Amino acid sequence: MGKTLYEKVFDQHTVEKLPSGQYQLFMGLHLIHEVTSPQAFSMLEERGLSVLYPNRTFATVDHIIPTKSQLRPYQDNLAEQMLVALENNVKRHGIRYFAPENGEQGIVHVVGPENGLTQPGMTICCGDSHTSTHGAFGAIAFGIGTSQVRDVLATQTLSMGKLKVRRIEINGALRPGVTAKDVTLYVINRLGVNGGVGYAYEYAGDVIERMSMDERMTVCNMAIEGGARCGYINPDETTFAYLRGKKYAPSGPAWDKAVAYWKSVRSDPDAKYDDVVVYRGADIEPMVTWGITPSQSVGVGDKIPTVESFSADERDSVAEAYQYMAVAPGSPVAGQKIDVAFIGSCTNGRLSDFEAVVNVLRGKSFKVAPHVQALVVPGSMQVKRELIKLGWDKIFEEAGFEFREAGCSMCLAMNPDKLKGTQLSASSSNRNFKGRQGSPTGRTLLMSPIMVAAAAISGEVTDARKLFAIES
Ligand code: SF4
């Protein structure tokens, strides 16, 4: 019987089976940032321990960094203190730090892949939920808590149970104007936010295989939003082509050896899965969330579902969502007036995400609606430089978008980019929980970058295919 990639990578990284029934798993790569690492370093030092593998530990600053001006010291004293703590810790422990002053900073899940740190067959962890992003390369990648960050710093291992594996096939082709973000939102809608609990998600099928690495990262990024502990895609020629020549990717004779290993970890054709679900790419519409979880979504042409369409045990949370979002069940999701538009985050802050938007704006006279504040926030300084080199920053600015510095920005709003009051935001990020974008009463609609751009221009939730005349 063949094995899945998950089983192969898990087994190869198992140090030992623990008496608890869990496994001690070696972590090939540990990514750290300023929010979840300071306490972990303090705990380490309280016990007189050092970082066991500084050469497998890489740091960046992303959550708290301002996007209007990154001049130091930051106006937010707490943010400044967190960054100083990170700077001191990486210096003390000899950890490679992608620093803003070197033009290397960015969101941890953008910086790792763009530097070639994220590779197939690896175990990867980071004190951030969306570490599942790295699974796009055929790695098994987990978000971890602060005490686990401490454990990995000290031992380079984690204790974990084995997951079940669900294969999610998306077959056929997507229709024009439908993106990787719509695919991942669709899957969460179908399987629910808890549908993946206890599972690793293996994404497969024609639609996934045709995706670029950026698109695959968008899909895997949100595996965690469907409850899965991690999500991955089997590595293939697209993966290898992306990695070739990247700073930390193998080169010379080591390249061929690495590719042979990467191919060997692919799921075997006769691998056994705990569950298999199959969807048709042609059934997927541009998706928009209407509620307070990423599964509460519909196609842009659809209506917000009525309470009767939910099971009895879902109805309380659905009623809470209607009330918080101030939406009427049965009304169209399109046409809701927005206040803010945000294109960025580790879900959709890579070059091709901005390219998709530039392709619909270029040569047209589209302008952001006067009542909308629209932010374009590159996922990393490298992405920003590429955007400027291509002249795309000007395209955004001429259309009325604010072109900002790299960071997490309004995804989590641990920086000055925050919603105010009950503002409604069209966002390319990954969470629409209550208060996620910085105001305790702020409201978030998740959608793809071109859908955010369409909403920014129309001033309301709009089908991007109609506004931008995308042929279907
Ligand atoms: S962009 Fe959002 S989800 Fe991604 S690392 Fe930053 S805060 Fe977390």
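Each ligand, and each atom within it, is numbered from 1 in the order the structure gives. Computed from a predicted model, the values in this text were never measured in an experiment. Quick note: residue numbers are just sequence positions, from 1.
Of all the heavy atoms of His63, the ones lying under 4.0 Å from any atom of ligand 1 belong exclusively to the side chain.
More than 12 heavy atoms of other residues, nucleotides or ligands shown are found within 6.0 angstrom of CD on Glu101. Within a 6.0 Å radius of CD in Glu169, more than 12 heavy atoms belonging to other residues, nucleotides or ligands are found.
Counting only heavy atoms of the protein, atom 4 (Fe) of ligand 1 lies nearest to Cys346 SG, 2.3 Å. From the protein, the heavy atom lying nearest to atom 2 (Fe) of ligand 1 is Cys411 SG, 2.3 Å. When only non-hydrogen protein atoms are considered, atom 8 (Fe) of ligand 1 lies nearest to Asp128 OD2, 3.1 Å.
Near Asn430, with a cut-off below 4.0 Å to any heavy atom, the atoms of ligand 1 are 3 (S). Residue-ligand proximity, His130 to ligand 1, at heavy-atom distances under 4.0 Å covers atoms 3 (S). Atoms of ligand 1 lying under 4.0 Å from at least one heavy atom of Arg436, given by number and element, are 2 (Fe), 3 (S).
Within the cation-pi definition used here (under 6.0 Å to the ring centroid, within 45° of the axis), Arg96 qualifies as a partner of Phe98. Both tests pass for Arg72 against the ring of Tyr74: distance under 6.0 Å to the centre and angle within 45° of the axis.
With Gln296 as the partner, the side chain to side chain contact (heavy atoms under 4.5 Å, CB included) test is satisfied by one option alone out of Asn189, Val318, Thr289: Val318.
Coordination check, Cys408 versus atom 6 (Fe) of ligand 1: passed, since an N/O/S atom of the residue sits under 2.8 Å.
If you check the side chains of Glu202 and Thr4, you find no donor sitting under 3.5 Å from an acceptor.
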